[in-house]
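Note that ligands are numbered from 1 as they come in the structure, with each ligand's atoms numbered from 1 the same way. Everything numeric in this text was worked out from a predicted model, so none of it was measured. Sequential numbering from 1 along the given sequence is applied to the chain's residues.
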Amino acid sequence: MRLILLGPPGSGKGTQAQRLVQRYGIVQLSTGEMLRAAVAAQTPVGIKAQHIMASGGLVPDEIVVGIISDRLDQPDAARGFILDGFPRTVPQAEALDELLKKKHIKLDAVVELRVNESALLQRVETRVAEMRARGEEVRIDDTPEVLTKRLASYRALTEPLIHYYSERRKLLTVDGMMAIEHVTREINRILAAIGAVEAKAAKKAGEARRTAKTAKSGAKTAARTASKPAAKGTGASGKAAKASRKAGKPASMRAKKSSRKAPAGSRVRSAGKARKSAKKVTKKRAKA
Ligand code: AMP
């Protein structure tokens, strides 16, 4: 899976990226993290970037495009990646298109976390105040003052990417103001709806969920019918689950159900998929 996570600073991109990394075994490529590491190590790139970052400005394109290009060549990126904090401008997106074309890599989707800016500022102010109260170190560019500048830069330079990727039919929008868990669930759901989640990964995740569910319902049955043999109850619910899976709804119906809840951006694509699978079913029926 190859994704871009788009959203203003403080929108929870980092948190969601981490969750995707754990779930799908892909790598998170964060230009901010890489630059901070370069600053800490005082490499030539780090020395150049240090002051720009501290003031909330953008590091020159050739630097960030260069570090992303090198990182994409590393073996761990071959299984999939999430770009976090890159691209940040239309020229960077164009440079990325070129890079991916040269490297024969296809982007699956761009996930936009949409948030309310004033709520975002308040969130950061609270977090910074709490960290200071605990005596923890606050990131130099994470103060409300610098954040205001970073938000302005996001609006002016990064937001046009929403249109850029929407035109290329890559954009999926998620409400980033929901609780972290809900945002994660919604991202996973829309990725599955567009087929970005490889069948193997989706099947594995589904099986794990079903096993947990069966075990849970088995345990409940066992608890309820303590006098009856527990194995019988577990086996029956397992069979029932299998039977209902076998009798599963047609793919077109499932796609319809998932697209109903999807945000506008994803609805377009999942609706297209539903149409395609409906056509397949019709063809199969015609053949039979
Ligand atoms: P982040 O952790 O993504 O918020 O990035 C922290 C800082 O690193 C930004 O405020 C920029 O100064 C710099 N930076 C990160 N990614 C980029 C990028 N794609 N283009 C330019 N500057 C970047």
Side-chain angles (χ1 to χ4, degrees), residues 2-21 27-73 77 81-100 103 105 107 110-115 117 119-121 123-125 127-128 131 136-165 170 176 183:
R2 292 162 187 98
L3 301 176
I4 293 176
L5 261 186
L6 210 58
S11 60
K13 282 190 312 275
T15 307
Q16 296 301 333
Q18 269 308 309
R19 290 173 165 226
L20 288 163
V21 162
V27 288
Q28 174 188 5
L29 307 183
S30 154
T31 38
E33 286 296 326
M34 291 183 229
L35 288 167
R36 277 189 286 280
V39 171
Q42 286 289 288
T43 64
V45 163
I47 293 167
K48 254 193 201 169
Q50 193 162 11
H51 299 293
I52 305 171
M53 289 172 76
S55 67
L58 287 187
V59 173
D61 286 355
E62 64 270 21
I63 293 184
V64 281
V65 173
I67 57 177
I68 281 293
S69 176
D70 291 347
R71 193 61 188 81
L72 285 175
D73 290 339
F81 54 80
I82 306 163
L83 291 174
D84 162 16
F86 179 89
R88 246 179 167 90
T89 62
V90 170
Q92 284 185 14
E94 288 166 349
L96 177 66
D97 282 348
E98 276 300 304
L99 261 185
L100 295 179
K103 295 180 196 289
I105 298 172
L107 194 67
V110 177
V111 178
E112 179 211 359
L113 296 181
R114 193 164 287 179
V115 292
E117 266 195 28
L120 209 64
L121 261 173
R123 223 193 247 178
V124 171
E125 273 169 16
R127 194 178 66 209
V128 168
M131 285 175 81
E136 288 170 14
E137 205 179 312
V138 177
R139 231 173 78 183
I140 195 165
D141 59 348
D142 221 3
T143 58
E145 305 76 53
V146 181
L147 185 74
T148 308
K149 190 174 169 197
R150 288 164 72 206
L151 278 174
S153 152
Y154 179 84
R155 224 178 296 125
L157 301 169
T158 313
E159 242 174 35
L161 291 182
I162 293 169
H163 178 66
Y164 184 90
Y165 286 115
K170 290 280 180 207
V183 177

**Q.** Residues which pass side-chain hydrogen bond (donor to acceptor under 3.5 Å, both in side chains) with Glu112, listed by chain and number, not counting sequence neighbours
**A.** Arg114, Thr173
Q) Can you list the residues that meet the side-chain hydrogen bond (donor to acceptor under 3.5 Å, both in side chains) rule with Asp73, with sequence neighbours excluded? A) Lys103
Q) Of the non-hydrogen atoms in Gly56 and Val146, which two are nearest, and what is the gap between them? A) CA-CG1, 3.8 Å
Q.
Please give me the minimum heavy-atom distance between Ile68 and Met34, naming the atom from each residue.
A.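 The pair with the smallest heavy-atom distance is CD1-CE, 4.1 Å.
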Q) In Å, rounded to the nearest 0.5 Å, how long is the span from CG of Leu3 to CG of Asp84? A)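 With rounding to 0.5 Å, CG (Leu3) is 11.5 Å from CG (Asp84).
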Q) Exactly which residues line ligand 1, taking a heavy atom under 4.0 Å from it as the test? A)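 Ligand 1 pocket, heavy atoms under 4.0 Å: Thr31, Gly32, Leu35, Arg36, Met53, Gly57, Leu58, Val59, Val64, Gly85, Phe86, Arg88, Gln92, Arg139, Asp141, Arg150.
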Please output the side-chain donor-acceptor pairs of residues 157-165 that fall under 3.5 Å, not counting sequence neighbours, one pair per line with the distance.
residue	atom	partner	partner atom	Å
Thr158	OG1	Arg88	O	2.7
Tyr164	OH	Asp97	OD2	2.4

